[in-house]
Amino acid sequence: MLRSIKGLKDILPKQTPQWRYMETLAHTLAAQSGFSEIRIPIFESTELYARSIGGETDIVEKEMYTFPDRDGSSLTLRPEGTAGVVRAVLEHHLLESPSTRKLYYLGPMFRHERPQAGRYRQFHQFGVEAFGIEDPFMDVEVIALLWRFFCSLGLKDLTLHINSIGNPQDREHYIQELKRFISPKLGGICGNCQRRFSTNPLRILDCKVPICQEATQDAPTLFDHLSPESASHFQRILEGLNGIDIPFSLNYRLVRGLDYYSRTTFEITSPHLGAQSTIGAGGRYDGLVALLQGPSTPAIGFAVGLERVALLLPEQIASPQTPLFFVAGFGKEAKPLAFKLLNELRELGIQADTDYKSVNLKSLLRSADKLGAGYAIILGDDEARSETAIIRNMTTKSQESVKLKEISQKIQSLAS
RNA sequence: GUGGGUGUAGCUCAGUUGGUUAGAGCGCCGGAUUGUGGAUCCGGAGGUCGCGGGUUCGAAACCCGUCACUCACCCCA
């Protein structure tokens with residue numbers, strides 16, 4: 001049997017109502033907060049991602065779907081949304097107008113990772129980006145939007161983790177300090193962390209191996225090495241969150257995996273998921289626009305992993321529906337008339353269906369029942385001869401005979 | 001990339017220390033008075049037991065390999 005590609009998932013009819021629910025809410029809440037939708041391509045030049053995400057990161061080193069175009073240039077399926085948005089913003093001069101400085105997107109991303117609960121090779125993100133504002137209230141606004149999105153979906157037991165990783169200079173100083181601290185303990189930490197010591201020392205802080213956690217227990221914190229500007233910026237964000245009653249957990253060990261992050265970083269986790277418990281995360285990336293040869297522009301954003309959110313949603317999403325009219329036409333004479341009626345109902349905007357597989361009244365009504373029809377329109381040869389049809393209410397079982405000429409009008413009044 | 005777990009009907013799963021026609025529930029189709037659904041009862045269809053090899057008189061079961069799925073490491077949304 002032909003199967004889908006590893007790590008790619010079909011979203012089946014049973015699940016699509018959940019997805020529509022999430023997507024609708026994303027559009028609504030983003031628009032409420034003044035974000036405009038942007039739709040960017042699904043692949044870009046490899047260089048864009050390599051430069052913005054960082055050449056040393058796992059994403060760029062081993063997770064990108066990279067392929068040559070016909071002319072030999074290297075293209076990559078987008079592994080995240082921010083880089084493409086920044087590229088588009090610069091290409092179309094969107095920073096010039098206040099109305100296009102706050103953007104959001106929704107769509108699939110691609111990373112070649114080993115699939116796992118809540119981790120797929122094609123996954124969907126809802127993300128926002130706000131450009132040009134350094135004010136801490138902007139950080140709070142973005143976090144508040146993320147928080148509101150999850151609360152509106154009814155998600156429970158969430159934790160907002162927040163930290164400031166400072167500006168690049170702060171981090172440089174801190175990394176030196178951290179290395180000095182860990183250096184004498186190097187023999188006593190896990191092999192992974194020994195490797196990280198030279199590649200990405202910050203990551204040692206959030207290693208889950210007990211011996212590493214113990215070794216870094218009294219390590220200096222990045223928080224204590226923030227420049228006065230970064231520290232006060234961060235302080236004002238925390239005050240802002242308190243001011244609007246968003247609970248948070250300070251997590252001095254929260255590091256982000258992409259190179260472009262600076263200062264504020266945050267993530268929201270759920271205890272009901274497996275190892276991949278982060279459902280939304282983001283932070284500032286004040287240096288990225290300039291890195292991509294734009295004007296020096298502060299920016300902040302987040303991304304939500306929609307598959308992970310879907311895992312937390314109840315299976316049944318109640319969607320208010322208009323009643324379904326099931327047209328049960330059978331018999332040589334009646335069937336064409338029934339089809340005509342079916343089509344007419346649809347033209348009128350009424351939800352109507354039938355089942356061509358069922359040939360007698362019994363099986364037609366069974367189908368009507370299985371489809372959850374509110375009414376069945378019974379039209380057999382007897383009715384055809386008298387130019388009538390029977391409207392049967394499937395819940396009350398009451399039914400009445402109606403002239404074909406008047407039936408669509410009658411149905412219209414029942415449908416509303 | 002590394003490790004663990006699991007592969008039997010459309011779905012969820014039984015299947016005894018290896019033993020002859022591989023089962024159940026749900027779902028699907030049909031019947032129970034000719035043109036009236038759901039409940040009940042009865043019947044039916046549907047399976048190369050993931051695939052390949054081996055052990056054996058005999059393998060769904062044991063062994064080896066392989067593939068797929070899955071969870072975890074890693075990483076991240």
Side-chain angles (χ1 to χ4, degrees), chain A residues 1-7 9 12 14 53 57-63 78-82 106-127 146 149-150 190-193 195-196 199-200 203 206-209 254-258 261 265-270 273-283 301-311 326 328-331 334 355 357-384 390-399:
Chain A
M1 194 186 359
L2 257 37
R3 311 181 106 266
S4 69
I5 302 301
K6 183 200 268 290
K9 286 276 171 290
L12 299 172
K14 205 175 171 180
I53 297 169
T57 61
D58 277 15
I59 294 180
V60 171
E61 273 187 345
K62 45 195 183 195
E63 295 174 1
R78 61 185 190 192
E80 56 104 46
T82 302
L106 224 38
M109 307 295 164
F110 307 85
R111 291 182 202 173
H112 187 107
E113 298 182 273
R114 192 75 175 263
Q116 193 180 324
R119 193 169 78 181
Y120 310 98
R121 289 183 176 181
Q122 175 179 345
F123 59 101
H124 295 76
Q125 289 189 333
F126 157 47
L146 178 63
F149 178 66
F150 293 140
C190 75
N192 244 321
C193 284
R195 179 179 53 80
R196 285 176 179 136
T199 59
N200 195 351
R203 279 250 162 249
D206 63 359
C207 181
K208 290 163 198 109
V209 178
L254 177 64
V255 190
R256 303 268 74 221
L258 287 65
Y261 284 112
T265 61
F266 53 90
E267 76 182 35
I268 292 180
T269 58
S270 164
L273 278 175
Q276 310 299 321
S277 59
T278 302
I279 55 175
F302 68 67
V304 172
L306 293 176
E307 277 78 3
R308 292 179 188 178
V309 175
L311 289 172
F326 185 93
F330 58 105
D355 176 17
K357 219 175 153 181
S358 304
V359 290
N360 54 43
L361 183 55
K362 190 189 182 78
S363 56
L364 279 163
L365 284 175
R366 205 178 332 198
S367 298
D369 191 56
K370 278 178 190 143
L371 291 174
Y375 298 88
I377 314 300
I378 299 169
L379 212 178
D381 285 348
D382 292 354
E383 288 77 18
I390 295 166
I391 301 180
R392 176 180 175 82
N393 183 317
M394 294 297 282
T395 42
T396 67
K397 296 183 168 189
S398 65
Q399 55 187 49

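A, B, ... follow the sequence lines: proteins, then strands. Residue 1 opens every chain.
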Please give, in whole Å, the distance from [N] [atom2] to [X] [atom1]?
X	N	atom1	atom2	value
D58(A)	A77(B)	CG	C1'	15 Å
K357(A)	C29(B)	NZ	C1'	8 Å
I59(A)	C75(B)	CD1	C1'	8 Å
R119(A)	C71(B)	CZ	P	10 Å
L106(A)	A77(B)	CG	P	17 Å
E80(A)	C75(B)	CD	P	18 Å
E113(A)	A77(B)	CD	P	9 Å

Mind checking the [atom1] distance from [N] to [M]? Whole angstroms is fine.
N	M	atom1	value
G15(B)	U21(B)	C1'	15 Å
C69(B)	A77(B)	C1'	23 Å
A9(B)	C67(B)	P	22 Å
A39(B)	G27(B)	P	7 Å
G44(B)	C49(B)	P	23 Å
G65(B)	C26(B)	C1'	36 Å
C63(B)	G3(B)	C1'	22 Å

What does [X] touch in the nucleic acid at a heavy-atom separation under 4.0 angstrom: a base, only the sugar-phosphate, or nothing?
X	result
I378(A)	base
R3(A)	sugar-phosphate
D382(A)	base
F326(A)	nothing
F302(A)	nothing
M394(A)	base
A368(A)	nothing
K6(A)	sugar-phosphate
E63(A)	sugar-phosphate
E383(A)	base
G282(A)	nothing
I390(A)	base

Open item on the list: If I take atom CD1 from residue I279(A) and atom OG1 from residue T269(A), how far apart are they, to the nearest 0.5 angstrom?
Closed with: 7.5 Å
TODO: Decide, applying a 5.5 Å centre-distance limit and a 30° plane-angle limit (both strict), whether F123(A) stacks on A77(B).
DONE: yes
Locate the shortest heavy-atom distance separating [X] from [Y]; write the atom from each residue and the value.
X	Y	answer
I59(A)	P79(A)	CG2-CB, 3.8 Å
E267(A)	T278(A)	OE2-OG1, 3.2 Å
A334(A)	L379(A)	CB-O, 3.2 Å
D355(A)	S358(A)	OD2-OG, 2.7 Å

Kindly say if [X] contacts the phosphate of [N], meaning a side-chain N or O under 4.0 Å from OP1 or OP2.
X	N	result
K362(A)	U36(B)	no
K9(A)	C69(B)	no
Q116(A)	C73(B)	yes

Open item on the list: With a 3.5 Å cut-off and heavy atoms only, can you find an N or O donor on one side and an acceptor on the other between the side chain of R366(A) and the base of G38(B)?
Closed with: no
Could you please name the option among [options] that lies closest to any side-chain atom of [X]?
X	options	value
L361(A)	C73(B), C71(B), G35(B)	G35(B)
K370(A)	C28(B), U36(B), C75(B)	C28(B)
Y261(A)	C74(B), U36(B), A77(B)	A77(B)
R114(A)	A77(B), G37(B), A72(B)	A72(B)
S363(A)	G35(B), G30(B), A68(B)	G30(B)
F330(A)	A77(B), C73(B), G35(B)	G35(B)

Task: Whether R121(A) side chain and F110(A) backbone form a donor-acceptor pair below 3.5 Å - done: no
Open item on the list: Please check this pair: side chain of R308(A) against backbone of G118(A), looking for a donor-acceptor N/O pair closer than 3.5 Å.
Closed with: yes
Open item on the list: Counting only heavy atoms not in I5(A) (residues, nucleotides, ligands), do more than 12 fall under 6.0 Å from its CD1?
Closed with: no
